[in-house]
Amino acid sequence: MPLYHKLGDFPQKRHTQFEKPNGGFYYEQLFGTEGFHGHSSLSYHVHRPTQVKEILNSYSVEPKIAIGKNIKSLLFKGFELKPENDFLDSRKAMLVNKDCIIGLAAPKESLRNYFYKNADADEMLFIHKGKGKLRTMLGNIPFEYGDYLIIPRGVIYQIDFETDENRLFYVESYSPFYTPKRYKNQSGQHLEHSPFCERDFILPNELETHDQKGDFLIKIKKEGMIHEVVYATHPFDVVGWDGYNFPYGFSIHNFEPITGRVHQPPPVHQTFETATFVVCSFCPRLYDYHPKAIPAPYNHSNIDSDEVLYYVDGDFMSRNNIEQGHITLHPKGIPHGPAPGAMERSIGHKETQELAVMVDTFRPLMVTEEAMGLDDGQYYKSWTE
């Protein structure tokens, strides 16, 4: 997202001396993506951010694959995922390929006993249930029901929950998240036809600066492993930073749907994109207003992508027996569309209150053992009359 932001104190000129009030210097760190080519920020630390004291345990968290090459439409009952106390333990991969991991989490407790960093992937956390604060080395972001949190790879963070029941839908992406190119002008500003704009983003604030030495455990995810690394200083020791690479939030409730006289295709709901998949937000909206309009979506073939829908709230009119927290997978290779009766049922309706998140991947997805534990077993037959 090409949006400049800054917090705290930093020198007027980059890569120059920045003296502490009581002597000595702050330590500059470039926090960037795609080598030295992508978005970056410059942060200034009380202590050197390179002080590793010890590496403790390393263990695999690679998903276990149940179906490697899938042609079956599947439905997973997400709210049947058992809550767990620890934030990382609660995260369960459902669908994976070489580009991303799509999963669910139901953490009961705040992440406070350690810090976490994903060294491989940008993360998108969608808050279905829960409220709290994302705490990061670049500032804090409050969150609540309906918020997307975009956390670039390499950001060290913790999470404070104000609630006991927390349900998250998440995507780990091995390429960065951006807002769609067609919403932006040449310099990156969102255009008038965009369904959201810069003022809708929730930017980091409340910069925490801890001048502490000791043993600080950071769990770093890299190449399917969690490495427990002990740092000599508090990871949140930044006194100031500026740039374009930082975590931010966006509420799905601030997405303004694009409607038309006849049914609009899914790309009008697009919210984020990467090099390998897109994310769409299906929000409450007026239905199509042609006198002969059919509000239900038309049947379409999944030739180029796998379609994942995460159902958040409301009545999803194109399906039958869909509940909160359900995930459907419509794999490439076979067509899908409204459930029997849904097309006819939709005619004459003026609006929908549905709320859902869709992820369309350009490569096929593999199904994990965790996902199959939530499988309803019958969904692929749901179009049979």
Trainee: Does anything in residues 55-86 form a ring pair (Phe, Tyr, Trp, His ring centres under 6.0 Å)? List the pairs, not counting sequence neighbours.
Mentor: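 As it turns out, the ring pair (Phe, Tyr, Trp, His ring centres under 6.0 Å) pairs with a partner in residues 55-86, which skip direct neighbours, are F79-H128.
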Trainee: Can you confirm whether the side chains of N302 and E307 place a donor and an acceptor under 3.5 Å from each other?
Mentor: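 Side-chain D/A pair, N302 to E307: absent.
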Trainee: Apply salt bridge (charged side-chain N to carboxylate O under 4.0 Å, His left out) to R285 and list each qualifying residue two or more places apart in sequence or on a separate chain.
Mentor: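 For R285 the salt bridge (charged side-chain N to carboxylate O under 4.0 Å, His left out) partners, ignoring immediate neighbours, are E354.
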Trainee: For a 4.5 angstrom cut-off between non-hydrogen side-chain atoms, does T361 reach C100?
Mentor: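 With C-beta onward as the side chain, the pair touches.
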Trainee: Side chain to side chain contact (heavy atoms under 4.5 Å, CB included) for E323 and K77? Distances and angles first, verdict last.
Mentor: CA-CA 8 Å; E323 299 178 8; K77 298 181 178 180; over 6 Å; no
Trainee: Regarding H227 and S58, is there a side-chain donor-to-acceptor distance under 3.5 Å anywhere?
Mentor: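 Indeed, the side chains of H227 and S58 share at least one donor-acceptor pair under 3.5 Å.
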Trainee: Which is it for L329 and K72 under the side chain to side chain contact (heavy atoms under 4.5 Å, CB included) test, yes or no, and what are the steps along the way?
Mentor: CA-CA 8 Å; L329 168 65; K72 183 188 291 187; over 6 Å; no
Trainee: For the CD atom of Q270 and the OG atom of S281, what is their distance to the nearest 0.5 Å?
Mentor: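 These two atoms lie 10.0 Å from each other.
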Trainee: Nearest 0.5 Å please: distance from the CD atom of E369 over to the CD1 atom of I65.
Mentor: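 E369 atom CD to I65 atom CD1 measures 8.5 Å (nearest 0.5 Å).
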Trainee: Tell me whether the rings of F201 and Y248 are parallel (<30°), tilted (30 to 60°) or perpendicular (>60°).
Mentor: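 F201 vs Y248 ring planes: perpendicular.
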Trainee: Could you tell me whether the side chains of T163 and K129 share a donor-acceptor contact shorter than 3.5 Å?
Mentor: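 There is no such pair (donor and acceptor under 3.5 Å, judged by atom type) between the side chains of T163 and K129.
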Trainee: F272 vs F177 aromatic rings, parallel, tilted or perpendicular, using cut-offs 30° and 60°?
Mentor: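 If you compare the ring of F272 with that of F177, the planes turn out perpendicular.
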Trainee: Does the side chain of D237 pick up a donor-acceptor pair with the side chain of Y27 at under 3.5 Å?
Mentor: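 No pair is found: no donor N or O on one side chain lies under 3.5 Å from an acceptor on the other.
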Trainee: Quick one: CZ on F31 to CG on L42, what's the gap to the nearest 0.5 Å?
Mentor: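 Answer for the CZ-CG pair, F31 versus L42, is 11.5 Å.
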Trainee: Who clusters with V278? Use side-chain heavy atoms, under 4.5 angstrom, across I, L, V, M, F, W and Y, and order the result by chain and number.
Mentor: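 Listed partners: F362.
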Trainee: Salt bridge check: are D122 and R153 linked by an N-O gap of less than 4.0 Å?
Mentor: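 Salt bridge present between D122 and R153.
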Trainee: Do the side chains of D9 and Y26 get nearer than 4.5 Å, heavy atoms only?
Mentor: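 Of all side-chain heavy-atom pairs linking D9 with Y26, none is under 4.5 Å.
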Trainee: Does a donor on one side chain and an acceptor on the other come within less than 3.5 Å for S43 and H45?
Mentor: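 Side-chain D/A pair, S43 to H45: present.
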Trainee: Determine, step by step, whether Y157 and F115 satisfy the ring-ring contact (aromatic ring centres under 6.0 Å, His included) criterion, reporting the C-alpha distance in whole Å, the side-chain angles of both residues, the deciding distance to 0.1 Å, and the verdict.
Mentor: CA-CA 6 Å; Y157 71 86; F115 300 84; over 10 Å; no
Trainee: With heavy-atom distances below 4.5 Å as the criterion, would you say the side chains of F236 and I156 are in contact?
Mentor: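 A side-chain contact under 4.5 Å exists here.
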Trainee: Would a distance-only check, ignoring hydrogens and angles, find a side-chain to backbone donor-acceptor pair under 3.5 Å from S41 to N245?
Mentor: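 Here the side-chain-to-backbone pair exists.
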Trainee: Out of curiosity, D211 CG to K20 NZ, how far, rounded to the nearest 0.5 Å?
Mentor: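 That separation rounds to 6.5 Å.
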Trainee: For the residue pair H190 and Y183, does the interplanar ring angle fall in the parallel (under 30°), tilted (30 to 60°) or perpendicular (over 60°) class?
Mentor: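 It falls in the tilted class, 30° to 60°.
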Trainee: Does any part of the side chain of P83, heavy atoms only, come nearer than 4.5 Å to the side chain of R167, both counted from C-beta?
Mentor: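 Yes. Closest side-chain heavy atoms under 4.5 Å.
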Trainee: Do C280 and D360 come close enough that some side-chain heavy atom pair is under 4.5 Å?
Mentor: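 The answer is no, as the side chains (C-beta and beyond) never meet within the 4.5 Å cut-off.
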Trainee: For Y174 and T274, test the side chains for any donor-to-acceptor distance below 3.5 angstrom and give the result as yes or no.
Mentor: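 Result is no, nothing qualifies.
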Trainee: Using 4.0 Å as the upper bound for N to carboxylate O, is an ion pair formed by D160 and R112?
Mentor: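 Salt bridge flag = yes for D160 with R112.
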Trainee: Over 60° means perpendicular and under 30° means parallel, so tell me whether F126 and Y310 are parallel, tilted or perpendicular.
Mentor: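 Answer is perpendicular, since the angle exceeds 60°.
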Trainee: Would you say the side-chain atoms of Y145 and D313 include a donor-acceptor pair closer than 3.5 Å?
Mentor: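 A donor-acceptor contact under 3.5 Å links the two side chains.
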Trainee: Tell me whether the rings of F255 and F196 are parallel (<30°), tilted (30 to 60°) or perpendicular (>60°).
Mentor: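 Plane angle between 30° and 60°, so tilted.
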Trainee: Taking N140 as the fixed residue, which of E206, K133, R135 is the one that meets the side chain to side chain donor-acceptor pair (under 3.5 Å) rule?
Mentor: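 It is E206, the one option of E206, K133, R135 that forms the side chain to side chain donor-acceptor pair (under 3.5 Å) with N140.
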Trainee: Any non-hydrogen side-chain atom of K221 less than 4.5 Å from a side-chain atom of E172?
Mentor: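 Yes, at least one pair of side-chain atoms sits under 4.5 Å.
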Trainee: Can you tell me if N254 and S251 form a side-chain donor-acceptor pair at under 3.5 Å?
Mentor: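 No, S251 and N254 have no side-chain donor paired with an acceptor closer than 3.5 Å.
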Trainee: Has the side chain of E370 got a donor or acceptor atom that lies under 3.5 Å from a matching backbone atom of A93?
Mentor: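 No, E370 side chain to A93 backbone: no donor-acceptor pair under 3.5 Å.
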Trainee: Any link between M225 and Y114 through a network of hydrophobic side chains (Ile, Leu, Val, Met, Phe, Trp, Tyr) touching at under 4.5 Å?
Mentor: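 Cluster IDs for M225 and Y114 differ.
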Trainee: Under 4.5 Å side-chain heavy-atom separation, chaining through any Ile, Leu, Val, Met, Phe, Trp or Tyr, what else clusters with I71? Say none if it is isolated.
Mentor: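 Once heavy-atom contacts under 4.5 Å are chained together, I71 belongs with I334.
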Trainee: If you look at every heavy atom in P295 and H349, which pair is closest and at what distance?
Mentor: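 Answer, listing the atom of P295 first, then H349: CG-O, 4.0 Å.
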Trainee: Quick one: list whatever passes side-chain hydrogen bond (donor to acceptor under 3.5 Å, both in side chains) with R48, sequence neighbours left out.
Mentor: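 Testing R48 for side-chain hydrogen bond (donor to acceptor under 3.5 Å, both in side chains), a comparison that skips the adjacent residues, returns none.
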Trainee: Only one of N70, T368, V367 clears side chain to side chain contact (heavy atoms under 4.5 Å, CB included) with L95; which?
Mentor: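 Option passing the side chain to side chain contact (heavy atoms under 4.5 Å, CB included) with L95: V367.
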Trainee: Rounded to the nearest 0.5 Å, what separates atom CG in L168 from atom CG in L81?
Mentor: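 Going from the CG atom of L168 to the CG atom of L81 covers 10.5 Å.
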Trainee: Counting C-beta onward and ignoring hydrogens, is there a side-chain heavy-atom pair between T179 and F250 closer than 4.5 Å?
Mentor: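 In short, these two side chains do not touch, never coming nearer than 4.5 Å.
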Trainee: Which pair of non-hydrogen atoms, one from P284 and one from P257, has the smallest distance, and what is that distance?
Mentor: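 Scanning both residues completely, I find the closest heavy atoms to be O-CG, 3.4 Å.
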Trainee: What are the two closest heavy atoms between E109 and F161, and how far apart are they?
Mentor: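 Looks like O-CD1, 3.6 Å.
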Trainee: Indicate the ring-plane relationship of F10 and Y44, choosing parallel, tilted or perpendicular according to the 30° and 60° boundaries.
Mentor: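 Parallel, since the angle between the ring planes stays under 30°.
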Trainee: Have a look at D147 and tell me which of I141, I127, L125 forms a side chain to side chain contact (heavy atoms under 4.5 Å, CB included) with it.
Mentor: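 Filter result, single survivor: I127.
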Trainee: Fit a plane to each ring of W383 and Y379, take the angle between them on a 0 to 90° scale, and name the class: parallel (under 30°), tilted (30 to 60°) or perpendicular (over 60°).
Mentor: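 Plane angle over 60°, so perpendicular.
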Trainee: Look at the side-chain heavy atoms of Ile, Leu, Val, Met, Phe, Trp and Tyr, link any pair under 4.5 Å apart, and say whether F25 and F18 land in one connected group.
Mentor: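 No: no chain of side-chain contacts under 4.5 Å links F25 to F18.
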Trainee: Could you tell me whether R182 and E273 make a salt bridge, using a distance below 4.0 angstrom between a side-chain N and a carboxylate O?
Mentor: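 Salt bridge: no.
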Trainee: Between L374 and M94, does the side chain to side chain contact (heavy atoms under 4.5 Å, CB included) criterion hold? Intermediate values first, please.
Mentor: CA-CA 9 Å; L374 306 176; M94 299 283 113; 4.0 Å; yes
Trainee: Just verifying a value: how many Å separate I102 CD1 and L365 CG, rounded to the nearest 0.5 Å?
Mentor: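 Answer rounded to 0.5 Å: 5.0 Å.
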Trainee: Between D288 and Q264, which heavy-atom pair has the shortest distance, and what is it?
Mentor: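 Scanning both residues, the minimum pair turns out to be OD1-N, 4.1 Å.
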Trainee: Looking at Y170, is R91 sitting on its ring face, NZ or CZ under 6.0 Å from the six-membered ring centre and within 45 degrees of the normal?
Mentor: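 Flagged: R91 positioned over aromatic ring of Y170.
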Trainee: Kindly indicate whether the side chain of Y287, heavy atoms from C-beta on, has any atom under 4.5 Å from the side chain of S346.
Mentor: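 Side-chain contact under 4.5 Å: no.
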Trainee: For H5, give me all partners under ring pair (Phe, Tyr, Trp, His ring centres under 6.0 Å), at least two apart in sequence or on another chain.
Mentor: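 H5 satisfies ring pair (Phe, Tyr, Trp, His ring centres under 6.0 Å) with W241, F246 once adjacent residues are dropped.
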Trainee: Is a side-chain donor-acceptor pair under 3.5 Å present for H234 with E208?
Mentor: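 Side-chain D/A pair, E208 to H234: absent.
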Trainee: Going through the checks in order, is the side chain to side chain contact (heavy atoms under 4.5 Å, CB included) test met by I252 and L355?
Mentor: CA-CA 9 Å; I252 196 172; L355 201 63; 4.0 Å; yes
